[in-house]
Amino acid sequence: MSSLLVDNIGELVTNGAGEGPLGIRRNAAVLVEEGRVVWVGPSAYAPAADRRLDAGGAAVLPGFVDSHAHLVFAGDRAAEFAARMAGQPYTGGGIRTTVGATRAATDNELRATVRRLRGEALRQGTTTMEIKSGYGLTVADEARSLRIAAESSTETTFLGAHVVPAEYADRPDDYVSLVCGPMLAAATPYAKWVDVFCERGAFDVDHARAILACGQAAGLGVRIHANQLGPGAGVRLGVELDAASVDHCTHLSDADVDALAGTARSDGSGTRTVATLLPGAEFSTRSPYPDARRLLDAGVTVALATDCNPGSSYTSSMPFCVALAVREMRMTPAEAVWAATAGGARALRRDDIGVLTPGARADLVVLDAPSYLHLAYRPGVPLIRQVMRNGVTP
Ligand SMILES: [Zn+2]
């Protein structure tokens, strides 16, 4: 059994026991065996190991957990972005453009895009990345999207209810029946989660409830895109169905915040339904950001994710989202880093990632910086010196 000691860590973010909300330890070391953290403590007292990685006094933190990404697609929508920056509003209608390109692509073209974006995210410190379908919208295209997604992640999400495809535009009930029937059946072998884009112009709350309930009955966990473009009942539906996460949360009523806060865990460690904020989407659509402070002050567990997709947020960078959350959403750097690591893990109902404590997966990043603060303090700078996943450098 080969062991690895990462030592001489100036500032270690554990998200466990330690100083402050990030469980910080100074002059620390982490011992890794068989892909797991087995010991965390002062560098000076570190046990012997077969190999050693000297962090050189830099900061080390858990790998980022990006719990919301749409990587299986073809084409890009740079022209739509340019038009939006010239004043056109975002409506979500451009999703159909990507659906056409995705259906026309070969498996290998889709696979190459997923691998390129997954690799890009990994180099920026993302060690876990959820991947959704949702640009196929036929039984065969949704199944192959998930089959390809499952090659790169165990966190795969069936989003057949992304939009109603053009061929069903005047009969959405029939499309919902297709999603709940043969499409779900074809998707389930490759999916862990079911998701719906619950929004005006996509799926209303009754359709969303029907689809999520079918997915749940098939053994999938629930997540939902809700309250992105305007107010609505999506967040409360997510809470009603014990969703792991409600995502976007840009337009919330007091009742929505109360519903999320009402899912508090009995041990006081936050809420069961996480609010996942996706500031890359507001950045890329020039829209008002969600009110993170209101959620945090109400005791809601907040996660940050990229929403990486070719239309409304074509970034794979969690450090960018951390910087946006701090500058634009009034999260403290500690809150943002927690949300991008442990928060993302909660949004995926995982306790083996997003933390660096004994028993956790050895997924970590070494920064080219003395402190996690630099992730927000030095935006746009490549600060990820080294990434380790399952105890090995990918
Ligand atoms: Zn999304």
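Remember, it's 1-based here, ligands and their atoms both numbered in the order they're listed.
- If you look at Y314 and F81, their ring centroids are not closer than 6.0 Å.
- Less than 2.8 Å away from the Zn ion (ligand 1), the protein contributes these N/O/S atoms: H68 NE2, H70 NE2, H225 NE2, D307 OD1.
- For the pair R84 and E80, the salt-bridge criterion is met [side-chain N within less than 4.0 Å of a carboxylate O].
- Atom CG of N390 sits in a crowded spot, with more than 12 heavy atoms from other residues, nucleotides or ligands closer than 6.0 Å.
- Comment: E19 does not engage R25 in a salt bridge, judged by the lack of any side-chain N to carboxylate O separation of less than 4.0 angstrom.
- Within the 3.5 Å criterion, the main-chain N or O of H225 finds a donor-acceptor partner in the side chain of D195.
- Salt-bridge formation is detected for the pair D254/R294: a Lys NZ or Arg NE/NH1/NH2 atom is positioned less than 4.0 Å from an Asp or Glu carboxylate oxygen.
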